[in-house]
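Notes follow once the structure below has been shown.
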Amino acid sequence: TQDVINALKPLLNGKGADDTVLDVEGLAKYLQVEASWVYKQVSLKTIPYFKTGKYTRFRKTAVDKWIDR
């Protein structure tokens with residue numbers, strides 16, 4: 001039963017199993033675009049992102065919602 005509880009915890013916390021964090025290169029590969037396009041979207045603030053220090057990061061779930069809009 002503890003295994004079942006551990007498997008369900010992320011779902012109950014509202015975070016799905018695929019709450020992956022991507023860097024610019026990872027997002028470019030995921031979206032099949034050039035990294036320069038990703039940087040442009042960040043500078044225009046059109047794509048959801050967050051900063052960890054000087055590094056730009058993207059939550060895959062937020063990007064997927066952005067795509068669906």
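Contact detail for K54 and K51: the closest heavy-atom pair is O-NZ, 3.8 Å. Across all their heavy atoms, A62 and P48 have their closest contact at O-CG, 3.6 Å.
Y30 meets the side chain to side chain donor-acceptor pair (under 3.5 Å) test with K60, D64; sequence neighbours excluded.
Between the OG1 atom in T56 and the CG atom in L27 there is a gap of 10.5 Å [rounded to 0.5 Å].
With a 4.5 Å cut-off on side-chain heavy atoms, F58 and V21 do not count as touching. D19 is listed as a side-chain neighbour of R59, based on a closest heavy-atom distance under 4.5 Å.
At least one test fails for R57 against the ring of Y49: distance under 6.0 Å to the centre or angle within 45° of the axis.
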Under 3.5 Å, which donor-acceptor pairs do the side chains of residues 35-45 form with other protein atoms, sequence neighbours left out?
residue: Q41; atom: OE1; partner: T46; partner atom: OG1; Å: 2.6
residue: S43; atom: OG; partner: K40; partner atom: O; Å: 2.8

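Residues F50 and L22 do not share a hydrophobic cluster, clusters being chains of Ile/Leu/Val/Met/Phe/Trp/Tyr side chains in contact below 4.5 Å.
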Checklist entry - Passes side-chain contact (heavy atoms from CB on, under 4.5 Å), D23 versus Y55? Steps please. => result CA-CA 8 Å; D23 61 6; Y55 302 104; over 6 Å; no

